[in-house]
Amino acid sequence: MMIRASFFEAPAPAPTFARFAHSPQLLRSAVAAPPAQSAPVQVMVTGSDPVSGVARLQEHDGSFALDDKLLALLRNTKSNLTLRTLKDSIPSSLRSAGIRGDAAERVWATALAAAYMLVVLRDRRSVWEGLWEKARQYACRETQTASFMFNQLVQEASELLRK
């Protein structure tokens, strides 16, 4: 077995116990020592940073899903929200623009997530600007409109979160 310290260096020889033969004490410690165990890693799922929560929900294309995970995030601002309420609140402007079904839900969910950033995380704008821009680009691509429609959707979503 060959171990490489880095990609550009020559391979290092595999460790052997022959190197320890000159020192029985080193040999005993190398053989008898149990593998070092690291402390368990704790991952905070609840109560973690809200910006991280938004980032975890954003898809690679910039969209968000209108699902229970987004609902849980939005309930931090308004506890009486339900998934049915969010789906029923999809603006008619999306439907009139010819966006229906899952596409309308994703664009609306993206606007809701952006509104959450704007309303709840307003003091941390420099941290979430990249998430916002990716969401805006997705919504503009999906609706085939300029960003004014996205801004209008975010405004409507913000009103829903503040009610």
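All residue numbers refer to positions in the sequence shown, counting from 1. It should be emphasised that the depicted structure is a prediction, and the values quoted were computed from it without experimental measurement.
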(request) In plain terms, say whether D68 and R75 are close enough for a salt bridge, that is, a side-chain N and a carboxylate O under 4.0 Å apart. (result) no
(request) Quick one: pull up CG in N80 and OG1 in T85 and give me the separation to the nearest 0.5 Å. (result) 7.5 Å
(request) Return each pair, listed once, that meets salt bridge (charged side-chain N to carboxylate O under 4.0 Å, His left out) where at least one residue sits in residues 150-163; pairs must be two or more places apart or across chains. (result) none
(message) Please enumerate all residues that pass side-chain hydrogen bond (donor to acceptor under 3.5 Å, both in side chains) together with S96, with sequence neighbours excluded.
(response) none
(request) Check the pair L131, V51 against side chain to side chain contact (heavy atoms under 4.5 Å, CB included), reporting the backbone distance first and the verdict last. (result) CA-CA 9 Å; L131 298 171; V51 176; 4.2 Å; yes
(message) Which heavy atom of A65 sits nearest to which heavy atom of A109, and what is that distance?
(response) C-CB, 3.7 Å
(message) Within this structure, what is the CD1-CZ distance for the pair I90 and R100, rounded to the nearest 0.5 Å?
(response) 11.5 Å
(message) With a sphere of 6.0 Å drawn around NZ of K78, does it hold more than 12 non-hydrogen atoms of other residues, nucleotides or ligands?
(response) yes
(message) As an exercise, state the distance from CD of E142 to CE of M149, rounded to the nearest 0.5 Å.
(response) 11.0 Å
(request) Show your working on salt bridge (charged side-chain N to carboxylate O under 4.0 Å, His left out) between D67 and K87 and close with a plain yes or no. (result) CA-CA 10 Å; D67 60 11; K87 289 183 179 189; over 6 Å; no
(message) Can you list everything that forms a side-chain hydrogen bond (donor to acceptor under 3.5 Å, both in side chains) with D88? Sequence neighbours excluded, please.
(response) R84
(message) Measuring only between side-chain heavy atoms, which start at C-beta, is L118 closer than 4.5 Å to R125?
(response) yes
(message) So, taking the atom named CG in L161 and the one named OG1 in T77, what distance separates them when rounded to the nearest 0.5 Å?
(response) 4.5 Å
(message) Restricting to non-hydrogen atoms, name the atom on L66 and the atom on L112 that form the minimum distance, rounded to 0.1 Å.
(response) CD1-CD1, 3.9 Å
(message) Looking at every non-hydrogen atom in both residues, tell me the closest pair between R124 and P50 and how far apart they are.
(response) NH1-CD, 4.2 Å
(request) Could you list the residues that satisfy side chain to side chain contact (heavy atoms under 4.5 Å, CB included) with Q137, not counting sequence neighbours? (result) E133, R141
(request) Mind listing the closest non-hydrogen atom pair of L153 and S93 along with its distance? (result) CD2-OG, 4.0 Å
(request) Write out all pairs satisfying side-chain hydrogen bond (donor to acceptor under 3.5 Å, both in side chains) with one or both partners inside residues 103-123, taking only residues at least two apart or from two chains. (result) S63-R106, S89-W108
(message) Can you list everything that forms a ring-ring contact (aromatic ring centres under 6.0 Å, His included) with W132? Sequence neighbours excluded, please.
(response) W128, F150
(request) Search all heavy atoms of L86 against all heavy atoms of L81 and return the closest pair with its distance. (result) CD2-CD2, 4.1 Å
(message) So, taking the atom named CG in N151 and the one named SG in C140, what distance separates them when rounded to the nearest 0.5 Å?
(response) 8.0 Å
